[in-house]
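Just below is one structure, and these are the notes that go with it.
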Amino acid sequence: MSSKILNNFLNENIAELKERGLYNEIDPVIGANGPEINIDGKSLVNLSSNNYLGLATDDRLKAVAKDAVDSHGVGAGAVRTINGTLDLHLNLEKKLAEFKGTEAAISFQSGFNCNMAAISAVMDKNDAILSDELNHASIIDGCRLSKAKIIRVNHSDMEDLRQKAKEATESGNYNKVMIITDGVFSMDGDIAKLPEIVEIAEEFDLITYVDDAHGSGVLGKGAGTVKHFGLQDKVDFQMGTLSKAIGVIGGYVAGKANLIDWLKVRSRPFLFSTAVSPADAVASTRAIELLMESTELNEKLWENANYLKAGLKELGFDIGNSETPITPCVIGDENDTQKFSRRLYEEGVYAKSIVFPTVPRGTGRVRNMPTAAHTKEMLDNALKVYEKVGKEMGII
Ligand SMILES: *Cc1c(COP(=O)(O)O)cnc(C)c1O
């Protein structure tokens, strides 16, 4: 017999979410997640993926992935520390370190998993973590898992950071203090103030941890936010994902050899969960090689992003203050935002609405993610739809 208590809990809570309009219906994509997608038989210009460089469907990556299935099979067979460390995983880690300009790197099964793994391997209940209030959910959960004292810092507020860093270090309550931040903030597309963060870290001897999920492949000609500012030697943890610009799946930390050694003996998802498949490992490795060989995709991404931004701005939309290809289109009211996104969908553009509580109340937006794989024609079509729906709803 199944639990009545559980049943009631689930039914009541799901009903409540539906009533409040907070129940997220997931639209399955039929086929590949490319610049155009098929949902429910309808073809749409896709402005919602994190596939910044179009690598998720790149023929060169597909070819090496297929070969790896033939040579290595479909699974790693065991956790890394037993005998599931394949030559392909080591190749990937070597390439990651080269790409990031660090002594070494360690790979994980996902970016989320990586934050679960790496923070708690180094920080414990006698430590404190200064965390930007807009940090990603996986950072928040990773910090919680460590049991360190979490000190929220106002978003990109360097005075607040300095003050809290001073208090934490001078209190004598903590053995170690870490500052952790997204490199690029995913809702507004703004870049962390890393030069100032590093300066404050040096002043108070803080450990620095940058989650560059949205910066890698995008900033620093592809190498990420840390490289963008030339700070490779000054950031302890350069964390990233292989599932956004790299187009595959996985996460990693790049840093000093002793840090990576420690993560290999202490981070629990590395010790107790099997690594990515052979196909994933080679596809990611090849993707990084492509980024190191040529900046062509990165340039195309920025060209498309600038084109879309200029077009939306010219139409009269509020596109916020993004410094990266992430292009919010701020509508404001939550219901209007959802209606706007629905109308875009009906007209052939897939751009998801993002509303409270993910962003502050009254700042609902649809978020556009242009990629290197979009053609000018696709972007022009999207802009035409934006114009039509924007005028129809009295937004522009
Ligand atoms: C997407 C994201 C992650 C999670 O990465 P996955 O590889 O998808 O698990 C972690 N941190 C940030 C900032 C992200 O945007």
Side-chain angles (χ1 to χ4, degrees), residues 1-31 33 37 39-40 48-50 74-82 84 107-127 129 131 133-152 180 182 186-187 211 213 239 241-244 249-251 263 266-277 280 334-335 337-339 341-342 345 350 352-361 364 367:
M1 197 188 82
S2 67
S3 161
K4 269 192 207 131
I5 293 181
L6 174 65
N7 216 24
N8 291 343
F9 166 85
L10 297 173
N11 291 343
E12 278 169 23
N13 282 289
I14 290 171
E16 193 199 324
L17 284 181
K18 286 187 174 168
E19 244 165 60
R20 293 167 57 198
L22 296 177
Y23 182 85
N24 186 27
E25 295 280 356
I26 295 172
D27 306 316
V29 171
I30 315 295
N33 196 338
I37 46 173
I39 292 176
D40 215 7
S48 286
S49 81
N50 295 316
V74 292
V79 297
R80 292 284 301 264
T81 45
I82 307 231
S107 68
F108 292 93
Q109 301 86 345
S110 76
F112 199 108
N113 194 284
C114 181
N115 281 335
M116 295 301 106
I119 303 168
S120 58
V122 171
M123 306 302 281
D124 64 33
K125 65 181 186 332
N126 300 310
D127 299 325
I129 305 176
S131 176
E133 62 180 337
L134 294 190
N135 277 344
H136 189 258
S138 60
I139 298 182
I140 296 169
D141 288 6
C143 290
R144 284 184 184 149
L145 193 61
S146 77
K147 300 197 174 76
K149 167 82 178 168
I150 299 165
I151 303 168
R152 263 167 68 113
I180 189 161
D182 277 26
S186 59
M187 293 303 145
D211 174 340
M239 175 268 163
T241 171
L242 300 168
S243 67
K244 290 186 172 124
I249 184 78
L263 294 178
R266 270 298 182 278
S267 54
R268 294 168 68 82
F270 184 88
L271 299 173
F272 298 110
S273 179
T274 304
V276 296
S277 75
D280 297 323
E334 283 70 28
N335 286 326
T337 307
Q338 267 151 359
K339 182 171 169 207
S341 169
R342 201 161 53 243
Y345 177 91
Y350 198 83
K352 273 295 236 195
S353 63
I354 298 174
V355 297
F356 179 80
T358 308
V359 293
R361 220 182 272 280
R367 189 180 59 163

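Quick note: residue numbers are just sequence positions, from 1.
Side-chain N or O atoms of Q109 include one that pairs as donor or acceptor with a backbone N or O of P269 at under 3.5 Å. Here the side chain of S146 pairs no donor or acceptor atom with the backbone of I119 at under 3.5 angstrom. No donor-acceptor pair closer than 3.5 Å links the side chain of S131 to the backbone N or O of I151. At distances below 3.5 Å, not a single donor-acceptor pair connects side-chain atoms of E334 with backbone N or O atoms of G364. A donor-acceptor pair is defined here as one N or O able to donate and one able to accept, closer than 3.5 Å; no such pair exists between the side chain of R268 and the backbone of S120. Using a distance-only test at 3.5 Å, with no hydrogens or angles considered, no donor-acceptor pair links the side chain of D182 to the main chain of N135. Judged purely by atom type and a 3.5 angstrom limit, D141 has no side-chain atom pairing as donor or acceptor with the backbone of S138.
A pairwise comparison of heavy atoms in C143 and I180 identifies SG-CG2, 4.2 Å as the closest pair. For the residue pair M239 and G111, the shortest heavy atom distance occurs at CE-O, 3.3 Å. Nearest heavy atoms, G250 versus V276: CA-CG1, 4.3 Å. When all heavy atoms of Q338 and V355 are compared, the closest pair comes out as NE2-CG2, 3.8 Å. Among all heavy-atom pairs drawn from V359 and I354, the shortest one is CG2-O, 3.6 Å. Considering all non-hydrogen atoms of both residues, A117 and S267 come closest at O-CB, 3.5 Å.
With F356 as the aromatic partner, R361 meets the cation-pi criteria of under 6.0 angstrom to the ring centre and within 45 degrees of the ring axis.
Counting heavy atoms from C-beta on, the side chains of I129 and M123 come closer than 4.5 Å. The side-chain heavy atoms of P360 and M187, taken from C-beta on, include no pair separated by under 4.5 Å.
Note that CD1 of I37 and OG of S49 are 8.0 Å apart. Values are rounded to the nearest 0.5 Å. In this structure, the separation between NE2 on H136 and CG on D211 is 7.5 Å, given to the nearest 0.5 Å. If you take CE on M116 and CD1 on I139, they are separated by 9.5 Å, rounding to the nearest 0.5 Å. Between E12 atom CD and L10 atom CG the span is 10.0 Å, to the nearest 0.5 Å. Interatomic distance, S273 OG to N113 CG, rounded to the nearest 0.5 Å: 6.0 Å. Note that CG of L242 and CG of D280 are 9.0 Å apart. Values are rounded to the nearest 0.5 Å.
A 6.0 Å sphere centred on NZ of K352 holds more than 12 heavy atoms belonging to other residues, nucleotides or ligands. Other residues, nucleotides and ligands contribute at most 12 non-hydrogen atoms within 6.0 Å of the CD1 atom of I5. In N8, the CG atom is crowded: over 12 heavy atoms of neighbouring residues, nucleotides or ligands sit closer than 6.0 Å.
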side-chain hydrogen bond (donor to acceptor under 3.5 Å, both in side chains) evaluation trace for D27 with Y345: CA-CA 11 Å; D27 306 316; Y345 177 91; 5.7 Å; no
CA sep, side-chain torsions, deciding dist, call: F272, V79, side-chain contact (heavy atoms from CB on, under 4.5 Å): CA-CA 6 Å; F272 298 110; V79 297; 5.5 Å; no
